[in-house]
Amino acid sequence: MINAPGNIRQLGFIVRDLDEAVAQWLAHTSAGPFVVMRGQRFDGWTYLGEPQDQILEIAFAQAGPMMIELIEAQGPWPNVYGDAPPTETCVLHHFGLLVADIEAASAALDAPLVTTAQIDAASQLRYFDCRERFGVRLELISDTPSVQAFFELSERLARSWDGTSAPVRRFEEVTG
């Protein structure tokens, strides 16, 4: 058992090409449907304490009770996702944990802080380098109503999915 504050709700993977990675997950797992978010930016994004303008292509889906998050980082490099774009199709990067008190959880984790960002006015994310301890980074995510709604959306889509129709959906389609 991982001794970390919060509940692991997400496995995050860094991918070379988002569309290729989504196709691989759909072809070889029961995860789905995938929801794609293009050109994502987060306010207050930092890398090693310095502001960074990071643009992300993100897809997420459920694999049973676990959210799978695929991330194609557009740069600049280096960043929390690596020193350079990945050469592999898909590499495990982080566990995402929802925490009620991100300040207390950050202090309890006792690990190097790599990246911070605002999800919305009430919600933050923080990446910590826990590779020596757990083999991956940990992403602490504020457990707020808006974040819960995001995870519930993924779960609801998975429950109603027949496994074949509309395996890839745009975020705007499922929230609008």
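If you're wondering where the values come from, they're calculated on a predicted model, not measured in any experiment. Quick note: numbers below take in every heavy atom, side chains included, and nothing from hydrogens, waters or symmetry partners.
Atom CD1 of I141 is separated from atom CD of Q124 by 12.0 Å, given to the nearest 0.5 angstrom. Note that CG of N79 and CD of Q74 are 10.5 Å apart. Values are rounded to the nearest 0.5 Å. Here the straight-line distance linking atom CD of Q118 with atom CH2 of W45 works out to 12.0 Å at 0.5 Å rounding. In this structure, CE on M37 lies 8.5 Å from OG1 on T175, to the nearest 0.5 angstrom. Atom OG1 of T89 is separated from atom CD1 of I14 by 13.5 Å, given to the nearest 0.5 angstrom. Taking CZ from F34 and CD from E69, the interatomic distance works out to 11.0 Å, rounded to the nearest 0.5 Å.
Using a 4.5 Å heavy-atom cutoff, the side chains of L113 and S106 are not in contact. Residues L157 and Q62 fail the side-chain proximity criterion, which asks for heavy atoms closer than 4.5 Å. The closest side-chain heavy-atom distance from L109 to R133 is below 4.5 Å. At a threshold of 4.5 Å between non-hydrogen side-chain atoms, the residues R9 and F151 count as touching. Annotation: side chain of F150 is not in contact with side chain of I119 (no heavy-atom distance under 4.5 Å). Inter-residue side-chain proximity for C130 and F95 is flagged as unmet; no heavy-atom pair is nearer than 4.5 Å. Looking at heavy atoms from C-beta onward, V114 lies in side-chain contact with Y47 at the 4.5 angstrom threshold. Annotation: side chain of E72 is not in contact with side chain of D19 (no heavy-atom distance under 4.5 Å).
With hydrogens and angles ignored, the 3.5 Å screen pairs no side-chain donor or acceptor of S123 with any backbone N or O of S142. Using modelled atom types, one side-chain atom of D129 and one backbone atom of R131 make a donor-acceptor pair closer than 3.5 Å. Side chain of Q10 to backbone of L97: no donor-acceptor contact under 3.5 angstrom is found.
Transitive grouping of hydrophobic side chains (ILVMFWY, heavy atoms separated by less than 4.5 Å) keeps V91 and I68 in distinct clusters. Grouping the Ile, Leu, Val, Met, Phe, Trp and Tyr side chains by contacts below 4.5 angstrom, directly or via other members, places F13 apart from I55.
Residue E173 qualifies as enclosed at atom CD: its count of foreign heavy atoms under 6.0 Å is above 12. Applying the 6.0 Å contact sphere to CG of D162 captures more than 12 heavy atoms from other residues, nucleotides or ligands.
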*Would T115 and Q52 count as a side chain to side chain contact (heavy atoms under 4.5 Å, CB included) if you check the C-alpha gap in whole Å, the side-chain angles of each, and the deciding distance to 0.1 Å?*
CA-CA 9 Å; T115 290; Q52 188 177 59; 5.6 Å; no

*Any chance you could lay out the side chain to side chain contact (heavy atoms under 4.5 Å, CB included) test for N7 and D143, step after step, and finish with the verdict?*
CA-CA 10 Å; N7 296 313; D143 190 358; over 6 Å; no

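Ring planes of F60 and F171: perpendicular class, angle over 60° (limits at 30 and 60°). Ring orientation note: the planes of H93 and Y81 are tilted relative to one another, at an angle of 30° to 60°.
A117 and F42 get closest at one heavy-atom pair: CB-CB, 3.7 Å. Taking each heavy atom of V15 and C90 in turn, the nearest pair found is CG1-SG, 3.9 Å. What you find for P86 and R16 is that their closest heavy atoms are O-CG, 3.7 Å. Heavy atoms only, all atoms of each residue included: T144 and A122 are closest at CG2-O, 3.4 Å. Nearest heavy-atom pair, V35 versus R170, reported as atom, atom and distance to 0.1 Å: CG1-C, 4.2 Å. Here the closest non-hydrogen pair linking F128 and A111 is CD2-O, 3.4 Å.
Between the side chains of T116 and R126, not a single donor N or O lies within less than 3.5 Å of an accepting N or O.
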